[in-house]
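Working notes, beginning with the structure itself.
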4 protein chains.
Amino acid sequence: MSDKKERIRIAAIELFACRGFHRSTTDEIAAAADVAVGTIYNYFRSKQDILDHIFLTEHAKRQAVYERMQRSQLNPVHKLRTIIAEHFDEVRKNPDLVMVILREGHNVGPQVREKEGLRRFLSAIIREGTESGKIRPVDEEICATMMFGAVRGIMRDFSERQEKGDCQPEIFNRALEQMMDLVHHGLAGEK
Amino acid sequence: MSDKKERIRIAAIELFACRGFHRSTTDEIAAAADVAVGTIYNYFRSKQDILDHIFLTEHAKRQAVYERMQRSQLNPVHKLRTIIAEHFDEVRKNPDLVMVILREGHNVGPQVREKEGLRRFLSAIIREGTESGKIRPVDEEICATMMFGAVRGIMRDFSERQEKGDCQPEIFNRALEQMMDLVHHGLAGEK
Amino acid sequence: MSDKKERIRIAAIELFACRGFHRSTTDEIAAAADVAVGTIYNYFRSKQDILDHIFLTEHAKRQAVYERMQRSQLNPVHKLRTIIAEHFDEVRKNPDLVMVILREGHNVGPQVREKEGLRRFLSAIIREGTESGKIRPVDEEICATMMFGAVRGIMRDFSERQEKGDCQPEIFNRALEQMMDLVHHGLAGEK
Amino acid sequence: MSDKKERIRIAAIELFACRGFHRSTTDEIAAAADVAVGTIYNYFRSKQDILDHIFLTEHAKRQAVYERMQRSQLNPVHKLRTIIAEHFDEVRKNPDLVMVILREGHNVGPQVREKEGLRRFLSAIIREGTESGKIRPVDEEICATMMFGAVRGIMRDFSERQEKGDCQPEIFNRALEQMMDLVHHGLAGEK
DNA sequence: AATGAATGAGAATTCATTCAT
DNA sequence: TATGAATGAATTCTCATTCAT
């Protein structure tokens with residue numbers, strides 16, 4: 001795998017994160033990657049292809065994590081915690097990537113659209129939990145969708161704060177604890 | 001308020017929903033609104049301004065709902081349920097608008113970006129609840145962010161299914177019940 | 001029919017004649033037509049479309065001439081003479097157009113390629129002649145192909161001379177006489 | 001003379017024939033010649049230079065034939081027949097080359113443009129014939145131009161049919177006979 | 001000599017915006 | 001107000017050519 005291709009990917013992530021896919025030009029990407037425009041097209045078929053590649057690369061990395069997690073012997077609730085913790089960790093390390101994934105998901109090509117990611121994994125864990133009784137009987141698809149949405153919500157919030165210069169990485173710890181608290185006790189008091 | 005301006009807004013929502021903001025041209029908007037391109041510029045400063053106007057219009061409508069809700073005497077948990085129910089209802093009635101709001105939020109201009117919507121409202125209700133003891137002591141900002149994310153997650157899911165031709169409006173009812181179930185009991189079983 | 005479209009057609013003919021289709025840029029065409037680049041695309045789908053339009057316009061004009069000729073009561077040999085004379089006349093009047101037609105025929109789009117022109121007409125006349133005995137029994141397709149080739153040969157020669165600055169419009173008269181002489185007596189002497 | 005240079009020439013002929021000069025890329029030529037792009041530039045100054053070389057190679061080969069023919073003792077009419085027969089033969093054997101020569105003649109460089117080929121030779125033979133009385137007094141330049149055009153017309157026709165998948169190599173025999181028939185008797189009947 | 005990744009000038013096309021009618 | 005032809009800056013992508021290995 002070429003050094004140049006990776007440089008282009010990194011540069012594109014940074015640009016797409018800060019200006020969005022459509023507002024980033026191939027010239028800018030080339031400049032940011034310190035490469036000639038033409039070089040981009042030695043590694044990617046089109047600008048669109050760069051975006052797809054970013055998603056596919058990330059997807060493959062996550063998929064590996066999920067599979068490892070899937071096979072672990074943790075109880076399902078703990079698995080949920082672990083996977084979300086890892087997810088947040090990843091985000092903290094690479095916030096630009098997250099911004100791209102949150103914002104440009106609807107601009108990816110069709111092969112990328114097929115892919116299933118965190119949501120599918122959450123739903124698998126929840127089903128595992130309901131089957132073993134570790135998780136109350138719930139609609140696992142909807143719960144997964146909501147948890148996934150909640151995670152994205154936290155990331156969005158982090159991104160937006162960061163954009164305003166108000167970087168708060170500790171938010172992820174608090175969010176993780178709060179989320180597990182809700183998992184255990186719900187929101188309502190005074191039953 | 002001119003009839004034309006409204007026609008342009010409606011046409012733009014439909015187009016932005018199906019092709020995205022950047023892929024929709026002013027010519028297309030004009031054609032869909034049955035108006036000449038030039039006419040658009042009698043009502044809007046720019047294409048960007050149309051998007052902003054869509055957000056602001058929607059925001060104003062919702063704001064009215066929130067304020068009415070705020071003043072009602074319902075208990076906080078019930079308020080949450082009601083506001084989310086109304087939200088889902090709105091989505092069912094106007095799915096295009098939702099798609100635009102979900103997908104184009106990062107393309108709006110700065111005055112729009114300032115505005116606070118559902119999330120702020122959720123956080124106010126939760127605070128109200130924690131203060132009155134109807135809601136357990138939680139981090140209301142983070143909870144609001146997560147609930148808001150969960151709601152968006154459901155809407156995203158609905159949009160994506162709809163795009164694939166798999167329209168399931170009953171998902172909102174199930175999601176609402178499931179969400180309240182979580183609010184009341186959390187996710188974990190076998191405590 | 002717009003004045004602009006015609007201006008673009010004329011400008012393109014001049015450019016294609018002198019630099020060839022591939023070496024002429026849309027910027028040049030626009031400049032020569034005294035129009036903005038974008039304007040070209042209000043009248044043509046693509047640069048290719050301009051070339052096709054040039055051919056189709058010319059084809060339509062010629063077709064009208066052929067049909068009129070077809071219906072005339074002249075004897076076939078005379079018809080051949082007349083049609084070739086008119087053809088040469090056209091060339092003399094618009095040498096650029098001829099250059100384009102001679103040189104860019106293989107760059108036209110598929111709808112244009114279908115069209116049949118002078119060759120088909122020649123073959124029809126020759127058949128008419130052989131049937132009436134005014135023309136010796138010959139293979140009319142091959143004869144038409146060769147006559148058509150001979151006509152193109154003359155035009156090519158004229159174009160090339162003109163390009164070198166050696167303009168000889170009288171060549172057409174001599175060529176016409178010589179061609180009819182061959183029609184009547186062949187090339188060989190001393191039978 | 002290197003084997004590589006020849007491979008490049010052959011590959012270029014095939015590509016130019018089927019896609020045209022401007023639509024063929026140096027990468028394609030290299031791939032077809034099973035050579036690296038850079039290697040092309042060890043043998044040719046530019047892409048243009050490849051085209052020129054194709055023409056010059058062909059020209060030299062033909063020139064040798066013409067000179068041999070020139071020195072033969074055949075009578076002029078017979079010489080015409082023989083040279084055209086040989087020409088057609090060549091075409092049958094290498095139709096791609098013909099396509100290139102017919103279609104890309106106006107893309108050659110200036111040194112190539114100077115060269116005189118078949119037409120010049122035909123005109124020399126005709127003059128020889130008129131001087132010896134074997135050929136009727138005619139304008140030998142114009143007759144040569146027309147014969148040359150007729151020959152090209154036949155080749156064009158063959159190429160076009162071949163492109164449509166309708167390969168008819170026997171057309172050359174019929175064309176040769178028909179052409180000599182015209183040379184001997186002209187086209188007109190009922191004198 | 002051979003290679004092929006890198007280059008970047010150049011080309012076609014798009015589209016938000018303007019403005020004369 | 002309404003119109004829509006005209007505009008031309010901006011953008012994506014191509015490809016002949018170079019040059020370090």
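FYI, side chains are in, hydrogens and waters are out, and symmetry mates aren't considered; it's all heavy atoms of this structure. Order of the sequence lines sets the chain letters (A, B, ...), proteins ahead of strands, with each chain counted from 1.
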Exercise for review: Any chance you could list the contact pattern along nucleotides 13-21 of chain E? Use B for base contacts, S for sugar-phosphate-only contacts and - for none, protein heavy atoms under 4.0 Å, 5' to 3'.
Suggested key: BBBBBB---
Exercise for review: Ignoring hydrogens and angles, tell me if any N or O in the side chain of K47(B) forms a donor-acceptor pair with the backbone of F21(B) under 3.5 Å.
Suggested key: yes
Review point. Is it true that a side-chain atom of R7(C) and a backbone atom of D34(C) form a donor plus acceptor pair closer than 3.5 Å?
Key: yes
Practice item. Rounded off to whole Å, could you give me the CD1-to-P distance for the I29(C) and dT7(F) pair? Key: 15 Å
Check your understanding: Starting at the 5' end of DNA chain E, what dot-bracket string do you get if Watson-Crick and G-U pairs under 3.5 Å are bracketed, crossing pairs use [ ], other-strand pairs use | and unpaired bases use dots?
Key -> .||||||||||||||||||||
**Study point:** Exam field: side chain H106(C) to backbone R19(D), donor-acceptor pair closer than 3.5 Å
**Key:** no
**Study point:** NZ/NE/NH1/NH2 to OD/OE distance under 4.0 Å, E160(D) and R156(D)
**Key:** yes
Practice item. Nearest whole angstrom, please: distance from the P of dT3(F) to the CD1 of I40(B). Key: 11 Å
Review point. Please give, in whole Å, the distance from dG4(E) C1' to E28(D) CD?
Key: 16 Å
**Study point:** For the student: nearest non-hydrogen atoms of V35(C) and K4(C), plus distance
**Key:** CG2-CD, 3.8 Å
Check your understanding: For dA6(E), does either OP1 or OP2 sit under 4.0 Å from a side-chain N or O belonging to K4(A)?
Key -> yes
**Study point:** E14(A), CD: over 12 other non-hydrogen atoms inside 6.0 angstrom
**Key:** no
Point to revise | Given DNA chain F, 5'-ward residue of the pair A36(B) and V35(C), judged by closest heavy atom | key: A36(B)
Review point. To the nearest angstrom, how far is R7(D) atom CZ from dA1(E) atom C1'?
Key: 13 Å
Practice item. Return the value, rounded to whole Å, for the distance between atom CD1 of I50(A) and atom C1' of dC13(F). Key: 12 Å
Practice item. Using atom types as modelled and distance alone, determine if a side-chain donor or acceptor of Q48(D) lies under 3.5 Å from a backbone N or O of N107(D). Key: yes
Check your understanding: Do other residues, nucleotides or ligands put more than 12 heavy atoms under 6.0 Å from R113(C) CZ?
Key -> yes
Practice item. Assign F44(C) to base, sugar-phosphate, or nothing according to its heavy-atom contacts below 4.0 angstrom with the strands shown. Key: nothing
Review point. Just wondering, do V100(C) and F55(C) contact through their side chains at under 4.5 Å, heavy atoms?
Key: yes
